[in-house]
Amino acid sequence: MVELSLVMVKPHAFDSKKLGIIVSMLEQNDFKIVGLKSIKLTTEMARRFYFVHEGKEFFERLIKYMSSDTIAAICVQKDNCVADLRKLVGATDPTKAKVGTIRRTVGETVEANGVHASDCIENAKKEIRFFFSDLELFSFQYLDY
Ligand code: UDP
Ligand code: MG
């Protein structure tokens with residue numbers, strides 16, 4: 001089934017000019033880029049985006065980090081997009097991510113692990129909506145998201 005998912009390029013990866021490598025890895029693995037923007041999150045936006053982690057030990061640090069500098073939001077499309085993207089992104093800890101994954105390639109620490117990727121179809125829909133309006137998403141397969 002054709003699905004959409006959301007990639008977020010985290011601050012250190014954007015700042016160290018890894019956006020191109022990340023887009024290239026997505027393209028090489030048959031993900032179509034249907035939306036892309038760079039933006040600096042406010043702390044309020046970061047809190048809303050990561051609300052499921054509220055109360056966890058790392059939450060406040062993560063919010064501070066994610067709102068510290070420019071990020072990029074990328075909406076991608078592919079068959080089985082959500083699961084395939086998580087596979088390409090790799091484990092949360094870049095040192096445990098397999099060779100060839102995005103996090104192994106551009107990640108530095110568990111927090112600064114290069115990218116975020118939606119973890120299920122429902123969250124992908126919400127996260128895409130967080131960043132993009134209908135007009136900003138271009139897709140021939142664009143369905144009911
Ligand atoms: N994170 C962290 N410390 C932890 C666990 C997670 O800083 O102990 C950060 C990390 O950047 C991760 C994000 O919080 O990408 C969201 O955590 P999650 O468990 O959802 O991992 P993901 O889905 O990103 O692999
Ligand atoms: Mg997650």
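In each ligand, atom 1 is the first atom listed, and ligand 1 is the first ligand listed. This one's a predicted model, so the numbers in the text were calculated from it and none came from an experiment.
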Neighbour list for ligand 1 [protein residues, heavy atom under 4.0 Å]: Lys10, His53, Phe58, Leu62, Arg86, Thr92, Arg103, Val110, Glu111, Asn113
List, one per line, each side-chain donor-acceptor pair under 3.5 Å for residues 66-73, sequence neighbours excluded.
unit_1 : atom_1 : unit_2 : atom_2 : d
Ser67  : OG     : Ile63  : O      : 2.7
Ser67  : OG     : Lys64  : O      : 3.4
Ser68  : OG     : Tyr65  : O      : 2.6

Pairing residues for Asn29 by the side-chain hydrogen bond (donor to acceptor under 3.5 Å, both in side chains) criterion, not counting sequence neighbours: none
Counterpart residues, side-chain contact (heavy atoms from CB on, under 4.5 Å), relative to Thr109 (two or more places apart): Glu111, Ala112
Side chain Arg129, main chain Phe132, donor-acceptor under 3.5 Å: yes
Lys98 NZ: over 12 foreign heavy atoms closer than 6.0 Å: no
Close side-chain approach of Leu36 and Val23, heavy atoms under 4.5 Å: yes
